[in-house]
Structure formats: C-alpha cells, structure tokens
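Read the structure below first, then the notes.
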Amino acid sequence: MLDVQEIKLKAAIFKKFSSYKQEPVPEPENYVDYILKTTKPLPPITWSNLLNEIQWISVVLIFVPPIVGIIGARHVSLRWETFVWSVMYYLCTGIGITAGYHRLWAHRSYNAPLPTQIILACFGAGAAQGSIKWWSRGHRAHHRYTDTDLDPYNAHKGFWYSHIGWMLVRPRRRPGVADVSDLGRSAVVRWQHEWYLGVMLGMAFGFPALVAGVGWGDVWGGFVYAGVLRLVFVHHSTFCVNSLAHWLGETPYDDKHTPKDHMITAFVTCGEGYHNFHHQTFPDNEIRKGVLSMQLKKLKETQDSLAWPSDSNDLPIVTWETFQNQSRKRPLVLIAGFIHDMSKFVEDHPGGAHLIKKFIGKDATTAFFGGVYDHSNAAHNLLAMKRVGILNGGHPHALDDKTVPPASRLKIAKYAELNSTASYGSTTACSDSED
C-alpha cells in the first residue's frame with residue numbers, strides 16, 4: 001500500500017511532466033515533394049485488381065441513373081408541368097452545390113442565416129455528390145494542391161479523370177491534408193453528414209416525385225424527370241467545374257495552373273465558368289498586375305511571331321564610295337544613315353517607281369521625312385525591314401527619332417533580355433518563369 005506522502009509525490013511528478021508541451025514537428029519546406037517521396041502510392045490498377053478497387057457507390061450513382069432515366073422516359077410521358085419543375089429543381093440542386101457546398105462551406109465566401117444553410121444543405125444533398133464535409137475536404141485539397149498528385153481531381157491526368165474518373169476507383173494516393181475543423185463546428189454540416197444517406201435519397205428522388213404528385217398528379221413523372229434524369233444533368237454540370245473549367249477557355253489572370261475562364265462553362269456549371277481567378281485571392285492592385293502580366297505575355301507571343309528589322313550591330317558599315325559602287329548594281333537608297341535595298345519595292349512604290357529611282361545612290365532622308373511626302377508609321381516600319389548596311393559617318397548625323405521605326409520603339413522583353421544585347425531595349429518585362 002502507498003502512503004499519503006508517496007501518493008502526493010507521484011502526483012506532483014505527474015503534474016510537472018504533464019505540463020510540458022511537446023515541441024511541434026516542423027513542416028517540410030515542400031510538403032508535396034515530401035509526401036510524394038516518403039509515401040508509396042497504391043499499386044497500379046490492373047484487370048486482376050480492378051473489381052477490388054472500384055468505388056461502387058460512386059459507380060452506381062453515376063451510371064445507374066442514366067439507365068433508369070432512359071427506361072423510365074420510354075414508359076412515362078413528359079408533361080409540361082413536370083418539365084418546368086425538372087428545370088427548376090435542376091437549378092435548385094445545382095445552386096445547392098455551387099452556392100452551398102462550394103462557395104459557402106468549402107470556401108467560406110459569405111455568411112448565411114440558419115434557414116438558408118438548411119435549404120442549401122438539403123438541395124446540395126439532392127445533387128448526390130457526398131456530404132458537405134466530405135465534398136469540402138476534397139475541394140480544399142484541390143485548391144491547396146492544384147495540379148499536383150495530391151489534388152484529388154488533378155486536371156493533368158486528363159479531362160475524363162478530373163470529370164468522373166477520380167470517383168470511380170480508389171485514388172492511388174490520399175488527397176493532401178486539408179483542415180475542415182471549422183465545418184465540424186457547424187450544426188447543419190454535422191446533421192447533414194450524420195444523416196446524409198437518408199437526406200440524399202429523399203431530396204434526390206422522393207421530394208421531386210412528391211411535389212409533382214401533390215401538385216399535378218404526376219408522381220412517376222416527377223420521379224423519372226425531376227428526380228433521376230435531373231440528377232444526371234446536375235451531376236455532369238457540376239462535375240464540369242473540375243474538368244471543363246480546367247480545360248476550356250482563357251487565362252486572363254494567371255496561366256501557372258490549369259483553371260480557365262469561358263462563357264460556355266459558366267452556363268454549363270450554373271455560374272462557375274469564370275474559374276481562372278477563383279484559384280487566387282489578392283488585393284485589387286495585385287489583380288491588375290496579374291492581368292497586365294498576362295496581356296504582356298500575349299503581346300510578347302505576337303511580337304515574337306513577327307519579322308523585325310536586322311539589329312544595327314549586325315549590319316555592315318560601308319563607306320560612301322562602296323555605297324556608290326553597290327548602287328550601280330542594285331537600287332540602294334540612303335535614309336537616316338541606313339542603306340536600304342529597294343530591289344523588291346521599286347515597282348510597288350505607291351508614289352511611283354520614278355521617286356525611288358531618282359534617289360538611288362543618294363541621300364533621301366529629307367524627301368522621306370516630309371520633303372516629298374510625310375510617310376506613315378507603316379511606311380517607316382516597312383522601310384526598316386529593307387536595311388542592309390550603315391553608312392560610315394552617316395548615322396551620327398541622323399536624328400535619333402528617325403533611326404528607330406515606330407513599331408520598334410516599345411517592345412516587350414523578358415527580364416533576362418533587359419541586360420542582354422537584344423536589339424530592343426524595352427523597359428517592360430514579363431517573367432522568365434511564365435514560359
């Protein structure tokens with residue numbers, strides 16, 4: 001038997017040591033690389049293990065409704081009241097996912113009163129895509145690990161994988177960690193998660209049939225069209241947020257990841273088509289920087305697809321005598337210190353070939369810059385494409401604004417090009433990492 005003093009001593013020791021806090025284990029700098037290196041994926045799916053890897057609940061919910069719906073539609077005629085109700089309920093359950101599961105719970109984009117939460121939770125369950133807690137956990141992992149192997153519906157694995165493939169078989173890796181502790185504090189989320197199967201069956205099939213039955217006596221029509229077939233459409237509509245929204249469209253804010261913007265996707269997904277910026281959240285100033293960067297990148301691509309004048313450093317420097325001698329063999333004209341070969345343009349000159357011929361072997365700077373005609377910017381750009389040399393001692397006497405064609409006065413350059421010997425000295429850059 002322990003005496004009182006020994007009991008007190010042991011209690012004091014336990015209290016002392018239990019008060020110590022365990023030092024937190026530091027997270028790796030690159031969590032994705034760390035997980036991929038330290039954990040093994042499940043074996044590849046083969047014909048021998050396929051049946052054991054199939055997620056049968058998902059397979060049934062995705063493939064059985066179309067079959068039942070088609071068979072049902074052959075035996076149950078579609079009344080106009082049921083058609084209107086089917087469209088309305090399609091929108092209700094679609095919004096239950098987009099405005100409820102997605103924006104309210106997965107992203108906490110806004111707050112909603114309790115009645116609204118209950119309605120969205122019920123309509124979301126009617127879309128038969130899992131509970132709020134399960135759906136939001138996967139979606140938060142999708143945002144945190146976009147386009148990596150820890151993204152549950154990684155778009156790099158293909159359109160159909162991100163659309164439905166990821167649900168049909170067990171994932172080869174668990175999705176990356178995502179904190180959903182905030183959802184555990186929501187009574188609505190807890191209720192829906194605990195009673196999900198019953199709520200889902202009731203809202204997906206029972207409720208639409210009940211409304212049609214009580215409203216205009218078409219229970220079976222409500223079940224087939226507003227229930228089963230409506231579910232098929234809402235499934236693939238909202239699945240497009242993971243597939244089509246990462247495949248079709250433009251990237252006006254950032255092209256580092258796959259999310260894109262497109263009006264078609266917006267219509268198909270009940271408003272989720274403008275997806276590119278959805279994967280980012282920044283102040284207005286940074287948003288505008290992102291837009292500008294993407295615009296500059298597109299301009300750079302256009303710029304690189306065009307032909308530009310030869311770099312001045314690549315042109316030969318020739319004497320006046322050499323210029324005169326060469327002019328006897330081909331139509332060379334001196335303008336602003338540059339020697340131009342007009343061989344392929346003499347007969348096409350809008351002012352007539354005689355105006356070029358009279359300046360062969362001569363300085364036509366004054367004539368070109370308003371003496372005879374004040375040429376357009378397009379003419380300046382075209383002239384620069386015909387440069388073949390620089391007159392020794394002639395270039396310093398030319399006005400600087402006449403030596404650079406208008407199209408070359410502002411160019412888009414990558415950061416690395418700003419300090420290079422590129423022929424254009426742009427002060428506008430796009431990052432090399434954006435290639």
Closest heavy-atom pair and its distance - [X], [Y]:
X	Y	result
V180	S136	CG1-C, 4.4 Å
T93	R230	OG1-NH1, 3.3 Å
Q117	L104	CG-CD2, 4.2 Å
S243	H163	OG-ND1, 2.7 Å
N377	P406	OD1-CG, 3.3 Å
P152	Y161	O-OH, 3.7 Å

Ignoring hydrogens and angles, tell me if any N or O in the side chain of [X] forms a donor-acceptor pair with the backbone of [Y] under 3.5 Å.
X	Y	value
Q55	M167	yes
S162	G158	yes
W85	P208	yes
Q303	I412	yes
N276	D261	no
N49	T46	yes
Y225	V76	yes
Q192	C122	no
D255	T251	no
D147	T258	yes

Flag side-chain contact, heavy atom, 4.5 Å: [X] against [Y]:
X	Y	answer
L150	I35	yes
H275	V241	yes
V318	I339	yes
E81	F83	no
W56	L51	yes
S312	I390	yes
V388	F338	no
W308	S408	yes

Side chains of [X] and [Y], donor plus acceptor under 3.5 Å:
X	Y	value
E272	T265	no
T322	T319	yes
R103	T98	no
H102	H139	yes
N30	D33	yes

Establish, yes or no, whether a centroid distance under 6.0 Å links the rings of [X] and [Y].
X	Y	value
Y89	F207	yes
F159	W247	yes
W320	F323	yes
H278	H143	yes
H236	F239	yes
Y153	H142	yes
F267	H262	no
H246	H257	no

Practice task
Applying side chain to side chain contact (heavy atoms under 4.5 Å, CB included), run through V333 and K362 and close with a yes or a no.
Solution key: CA-CA 6 Å; V333 177; K362 299 178 182 179; over 6 Å; no
Please check if atom [atom1] in [X] has more than 12 non-hydrogen atoms from other residues, nucleotides or ligands closer than 6.0 Å.
X	atom1	value
Q324	CD	yes
K358	NZ	no
F233	CZ	no
L78	CG	yes
D314	CG	yes
R172	CZ	yes

Roughly how far, to the nearest 0.5 Å, is [atom2] of [Y] from [atom1] of [X]?
X	Y	atom1	atom2	result
S237	I97	OG	CD1	10.0 Å
H235	L61	NE2	CG	6.0 Å
F368	Y373	CZ	OH	10.0 Å
D341	M385	CG	CE	13.0 Å
L332	I360	CG	CD1	8.5 Å
S293	R288	OG	CZ	12.5 Å

Practice task
Starting from the C-alpha separation in whole Å, work towards a yes-or-no answer on ring pair (Phe, Tyr, Trp, His ring centres under 6.0 Å) for F359 and H340.
Solution key: CA-CA 11 Å; F359 284 105; H340 303 82; over 10 Å; no
Handout entry: Check against salt bridge (charged side-chain N to carboxylate O under 4.0 Å, His left out), R140 and D182
Key = CA-CA 12 Å; R140 289 182 181 183; D182 58 311; 2.8 Å; yes
Problem - Of R330, K386, K357, H349, the residue whose pairing with M342 passes side chain to side chain contact (heavy atoms under 4.5 Å, CB included) - result: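 That would be K386.
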Problem - Step-by-step side chain to side chain contact (heavy atoms under 4.5 Å, CB included) determination, I54 to L168 - result: CA-CA 6 Å; I54 290 177; L168 301 182; over 6 Å; no
Handout entry: Worked verdict on W105 versus V188 for side chain to side chain contact (heavy atoms under 4.5 Å, CB included)
Key = CA-CA 11 Å; W105 284 295; V188 172; 4.3 Å; yes
Practice task
Could you list the residues that satisfy salt bridge (charged side-chain N to carboxylate O under 4.0 Å, His left out) with R190, not counting sequence neighbours?
Solution key: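 Once residues adjacent in sequence are excluded, R190 has no partner under the salt bridge (charged side-chain N to carboxylate O under 4.0 Å, His left out) criterion.
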Handout entry: Test log, rule side chain to side chain contact (heavy atoms under 4.5 Å, CB included), inputs K300 and K414
Key = CA-CA 9 Å; K300 182 70 166 63; K414 297 177 185 176; 4.2 Å; yes
Practice task
Run the salt-bridge test on E286 and K289 with the 4.0 Å N-O cut-off and return the result as yes or no.
Solution key: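 Here E286 pairs with K289 in a salt bridge, since their nearest N and O are under 4.0 Å apart.
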